[in-house]
Structure formats: C-alpha cells, structure tokens
**Student:** 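Once you've had a glance at the structure underneath, I'll fire off some questions.
So that the names make sense, note that chain A is the first sequence line, chain B the second, and so on, each numbered from 1.
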Number of protein chains: 2
Amino acid sequence: MSGKRRVTIAHIAEEAGVSSPTVSKVINGRSEVSPQTRKRVEQLLHEHGYIRRTASADGPVGMIDLIFAELESPWAMELIRGAESAAREAEASIVISVLHTHAGPGRDWLERLAARRTDGVIIVSSRLSSQQYGQLNARSIPFVVIDPDGEPAPDVASVGATNWQGGLTATRHLLELGHRRIGMIGGPPDMLCSRARIDGYRAALETAGVEVDPSLILNGDFLVGSGHDHGHALLSLPDRPTAIFAGCDMQAFGVFEAARQRGLRVPDDLSVVGFDDLPLSKSAWPPLTTVRQPLEEMAFLATRMALGISRGETPEPRRVELSTDLVVRESSGPPPR
Amino acid sequence: MSGKRRVTIAHIAEEAGVSSPTVSKVINGRSEVSPQTRKRVEQLLHEHGYIRRTASADGPVGMIDLIFAELESPWAMELIRGAESAAREAEASIVISVLHTHAGPGRDWLERLAARRTDGVIIVSSRLSSQQYGQLNARSIPFVVIDPDGEPAPDVASVGATNWQGGLTATRHLLELGHRRIGMIGGPPDMLCSRARIDGYRAALETAGVEVDPSLILNGDFLVGSGHDHGHALLSLPDRPTAIFAGCDMQAFGVFEAARQRGLRVPDDLSVVGFDDLPLSKSAWPPLTTVRQPLEEMAFLATRMALGISRGETPEPRRVELSTDLVVRESSGPPPR
DNA sequence: CTGAAAGCGCTTACAG
DNA sequence: CTGAAAGCGCTTACAG
C-alpha cells in the first residue's frame, strides 16, 4: 500500500542522533536511558508510527479486529458470530476491542493495535475522529465500517442495512392495522442508522396523511432501560399512542416491561414493533413483530471485505446496504377501540 | 517455563541435514524445494513444534484466547465481557475462537494458535483431548478452564461455580413453595456442571423425603429449543410436574414457550426456575426466578489467572468455585391446588 | 533443487 | 547513560 520504506530503529536513531541500541532500550522500556533522550526518541517513534519489524517478510497475521463502542447488547453477539465465520473461512481469528466510550477511544488503542499488527479493523457503529481514520490510513491498516455514521470520507468501505426502508415498513405495518397515534423511540441522535429509521417512520406517516407529532418521538440508547423509560414517558402522555415503534429489539423489550407495569396488554392495548430480529425476539412474550436486519451477514461481509483489502483487493461495491424485512409476530395488532 | 532452548531454523536444518535457507523456504511455502526434502523438514518442524521467532526477546503478545465450543447463547457474551475487562486492565486483547464441534477441535487449531502466539488460553466448557492438553503444556501455553469437565489433570487451573449448591437451592425453593412433582432439564450429560446441578436437585428431593422420579429428569443442550421440546415432554406426562427446574435460563425460556402453547400460565399453573441469571432474564415475562452464577466474574478471574501464569506466577488457589445465589422473581409460586 | 554468502532488523553484553 | 561490536534468527539474492 504505502510506497514508503518501513521505518526502522536505525532510521529513528539517525534522526535522533543516537545509536540503535539506545532506541532499542527506549522501545523496550529499559531504565538506562536519560529522560531527555527517552523523550526525544519517543517523540520520533510516535511521529513515524514506528512498528517493530523483524527481518521476515510480513504476510498476513491472521487477525481481524472488531471494534465496539460497548459490549452491552445480544446484538453484538450476532456480529461477532458473523465475523467469526468469515474469519474462520480465511483461517483467521477475531479480536474483540471495546472502546468503552461513545465519545471515541483514547489514542493508546490505535498504537497498541498497530504494534501488535492486524489484518484489518471492523468498526461497529463507533465514532472515530477523522484523525484516527487518518492514522489507520497512514499505517495502511484496512478497515470497514458497520453502520457508518456518515463521517468517514466517501471512499471508505462500509456495510449497513436499509434502515430508512425498515422504518418505513414497520410504520406502514402499524398504519395498516389502523393505528394513528404511533410512538417512536430512536437510538442516539448522532447515529445515522437511528436517524434513518426515524425518517422512515416520518415518511410513512406523511405519505399516509397522518400528522407527525414531535412529542411522540424520543431518543434512547438502544438498550432495554431506555425502552422502559421512554415507554413509560410515551404511555403517560395525555393522548397516549396505541402503538410504539421501538427502534430496536432491546428497546421493544423495555416497552413490554413498561406496558406490563401499567397493566396494558400487548398487543390488545398496545402494539409494539422492534428492529433487528435478535434470536430471542421470537421467544419473547409476546413474540416480537420486528424488522429483521441481517446482522450476522453484515459482519460476515464486512470481515470478508477487510480481509480482501488486506490482500490488496479493492472491494466492489465499496458501500453495501443489505435489505431489511418485516417479520410479523404477535406483538402487533389492531388498536383498541 | 520449559528449560529447553527454543528450536530454531538452524536446529531443524541440522537435524534434517539441509541448510537454513531450505528450511526457510519450506516454512514460507516457496516452490523451489523437492517433495522429499519438504516432507522431511515439515515432519521435523511439526515434531519440534517449531515457532517462528525473531532475534527479539519474546515478551507478552497482549492476547488471550477465549475458546468456545459454540457461540450460540447470550451466555457467551457475559463471559466475553468479563474476559475483556480483565484483558483491558493488562492492556491485552481478547481473541475469540470457536471450535464448532462439541466433539473437540481439529489439530490445525492448536498449531495456528502456537504460530500466531498467545499469552494464554481460556477454555470454556469445551472438551480437549488429553493429547491437546499435552500440546498446550509442551508449547508452554498457559491455560485456564472455565466449567471444567473433570478430564484435565488435577493441577490444571480452573474456574467454576457452585453448581451442585445451586441445583440444591433452586430445588429447595420449589419444595418450600409446596411442589412435589418437579421436572428437571439438564444440559449435555458429559458436562460436569450439568451433572452437578442435577445431583443438587436429587439431593434436595431426597433430603426432603420426596422420591426421585427418573422420568422427570431429561437432558438438553442448554439452548432454547431443548427447553421447548423437553418442556412439552414433561408437560405431556400423565402425572405432569407442577414445577420445572430448567437447568439454565435459555432452557427456561423454552419451557415458557411450551407452557404458553399448552395454555398454562407461569407461575399459576407451572413454576419455572432457571440457572445463570442472564441480563435478559429479569426483563422476561414473567421475570425469571433463577440461580445466579457470576459469569462475568468467572471469565474475569480466569483471564487474570491466565495472564498471571504467562508472567510466571503460580495461581493460588488453582481451582476456584464462585458461589451461586438464588434470585427469586415472578416465575415461581405455589403449585395449583 | 540446494546452500554459501551477504544482508536485515533487532538485541545483548560490555567497555567507557 | 551511551554506543561500537558481536550475535541472533531469519530471508534474499545468486551461483551452481
């Protein structure tokens, strides 16, 4: 990828005006180095993005990194499983990294990644800074984004689902059953996949001639708790909705809880529709009507793309959106009269 | 760990009566090697468990491998999360490997692992052959077993939970509510953790003076489907149980389904108790009474132990059993009269 | 197809 | 605290 010759200890040593052994000591954290020298060398190592290299040619390492913001939901398991199948196919393994901050990772993370080497990185709906994308590029680390947030440049490889279409379909399903007051719980407002689902919801209402009531649209965090809290909020509205499109399955389960706590039966008193179709959603009570997005397949594809890029291939197409499907089960029905 | 000097290309070359470059070619899959030579060299490489090594001292690689038999249940996510916290603490990453066969892995798996290097392996209720344990030892790869199956030698580090105690507690809870016909769905009969739960169930019945009816004890695979199937089997018995101890939470959800399909209400017509306390179990309907085992903590501990062994420490104690706790929610109640 | 020779990137003694 | 020298494990030309 990069035409530049790989930077070696010798280069750094020359530029710092010291010998190779000294640079080696800094890298290996030995104590016999003066603080000033250490400082200067560290600075240069960092600037050049030094990576320890052996005499050996560097082939694939057989590892793909899956980067999550958090590891909270069973949703992540579907992605791990898909990535693992694709990796196994290529005799590679999956490494799990968790950033533990929606705000973005510390910088260590990327340095460690580069030092340890990886064949590619799958970024799962996490927001990296453009500087971080730059670093990935600078170090020729292939990466693919799942559920892109629109931030990366248009040439970035990504895999997503037809979120807008899914939001539209879910809402139309509820409209067809006769609902007119339909609540919507989205995800974090900065996630593009959430915005798209909400926009699909809006489009369905508007094309059906139903007015969009902003007080019926809330943003959660895609976890059970916010489904529960926002479910209560929507159900305590004076003119409460007869149906809720919960934005994702976990939030739908939270809405189930809120409904039960208020003595409302699903679907008799309240219809609920999710998004994802997690394996457990069909065993929930009642079995959840939801929009299926092929999470396992998305991760499978993303991993294959990353592996392909690492082999020098150019993924075609560069951006993929897999289709979503409405799965009607028992949590949706006509509104109470 | 092993006092032997690391085997190098030069050693292999000498033993094979060829030069280092020739061995190097074999390793790197170059074509300019005669089939006989290749054969002989490969044989020796394999015998000696050759691992490519650089001039550099080999410190930690910053990776712990988590080995699952399958990646089916949200149960696995809890373990991944726990392992990830412990790894992060040590600036390491978690690598996920899935064997995809309860019978045991192919041999490639271990070879790839050794070639890529790892600081340690956590084996999650998978059965390795004693030959494979031997290989791990031969290559000085530290390993810790979660939910050991009793096979490994007594000096193997392991982390488990008090399964027998948990089975006892769950069953006593049901006995105290007044149940006398209590069904039991275990896991695979070759898993020690499942046997212990079943034995705890037996002990509770016996100490309460209730006869153990073998027709009430079934073995599943710890997934929803077998809870569903065996739930139906138990509920179609002539003198059907008034309560079922489902062996794990996923099977409990399957029993919920079976009960619903038969028009039985939980807990009014049937009490159900699980084992695990997965995060979703409290949002289930009804919220599941279950035996909590601290999966996240178990994986956290196991990972720390593996990391410690890789640093040359001896884990003390070598075998840990974390305690389980009964969590009473709404899926258990007195039997119908 | 094979290997002596040179080379690479790094580290390890060790002398100052 | 520093670096010239030697050494390590491996690979890359290249001559046979």
**Student:** Within the structure, does a side-chain N or O atom of A:Thr37 lie under 4.0 Å from either OP1 or OP2 of D:dC1?
**Tutor:**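 Negative; the distance criterion is not met.
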**Student:** Please state the P separation for the pair D:dC10 and D:dC14 - nearest whole angstrom.
**Tutor:**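 Approximately 24 Å lies between the P atom of D:dC10 and that of D:dC14.
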**Student:** Please figure out whether B:Glu32 or A:Thr22 has its closest DNA chain D nucleotide nearer the 5' end.
**Tutor:**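 Whichever sits nearer the 5' end wins; that is A:Thr22.
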**Student:** What's the NZ-C1' distance between A:Lys39 and D:dC1, to the nearest Å?
**Tutor:**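 Going from A:Lys39 (NZ) to D:dC1 (C1'), I get 18 Å.
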**Student:** To the nearest angstrom, how far is A:Ile12 atom CD1 from C:dG9 atom P?
**Tutor:**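 Those two atoms, CD1 and P, are 13 Å apart.
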**Student:** Rounded to whole angstroms, how far apart are NZ on B:Lys25 and P on D:dG9?
**Tutor:**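 Going from B:Lys25 (NZ) to D:dG9 (P), I get 20 Å.
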**Student:** For A:Glu89, does the CD atom sit with more than 12 other heavy atoms under 6.0 Å from it, leaving out its own atoms?
**Tutor:**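 Yes.
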**Student:** Starting the side chain at C-beta, find the nucleotide from D:dT2, D:dT11, C:dG9 nearest to B:Ser24.
**Tutor:**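 Closest nucleotide to the B:Ser24 side chain: D:dT11.
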**Student:** Is the backbone N or O of A:Ala76 less than 3.5 Å from a side-chain atom of A:Ser73, with the two atoms forming a donor-acceptor pair by type?
**Tutor:**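 Checked: no pair found.
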**Student:** It should be established whether A:Ser34 places a side-chain nitrogen or oxygen under 4.0 Å from OP1 or OP2 of nucleotide D:dC1.
**Tutor:**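 No, no such contact exists.
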**Student:** Which nucleotide sits closest to the side chain of B:Val33: C:dA5, C:dC10, C:dT2?
**Tutor:**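 Nearest to the side-chain atoms of B:Val33, counting from C-beta on, is C:dT2.
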**Student:** From the set C:dT11, C:dA5, D:dC10, return the single nucleotide nearest to any side-chain atom of B:Ile9.
**Tutor:**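 Among C:dT11, C:dA5, D:dC10, the one nearest the side chain of B:Ile9 is D:dC10.
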**Student:** Please compare B:Val18 and A:Ser20 by the position of their nearest nucleotide in DNA chain C and report the one closer to 5'.
**Tutor:**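 So the residue in question is B:Val18.
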**Student:** Counting only Watson-Crick or G-U wobble pairs whose two distances fall under 3.5 Å, which nucleotide matches D:dA13?
**Tutor:**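 Matched D:dA13 with nothing under the 3.5 Å cut-off.
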**Student:** Checking the side chain of B:Arg81 only, and the main-chain atoms of A:Leu71 only, is there a donor and an acceptor separated by less than 3.5 Å?
**Tutor:**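 Yes: the side chain of B:Arg81 pairs with the backbone of A:Leu71.
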**Student:** Do side-chain atoms of A:Asp119 reach the backbone of A:Gly62 as a donor and acceptor pair under 3.5 angstrom?
**Tutor:**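 Confirmed, A:Asp119 side chain pairs with A:Gly62 backbone.
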**Student:** Can you tell me the base-pairing partner of C:dA4? Count Watson-Crick or G-U wobble geometry only, both distances below 3.5 Å, and say none if there is no partner.
**Tutor:**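 No nucleotide pairs with C:dA4.
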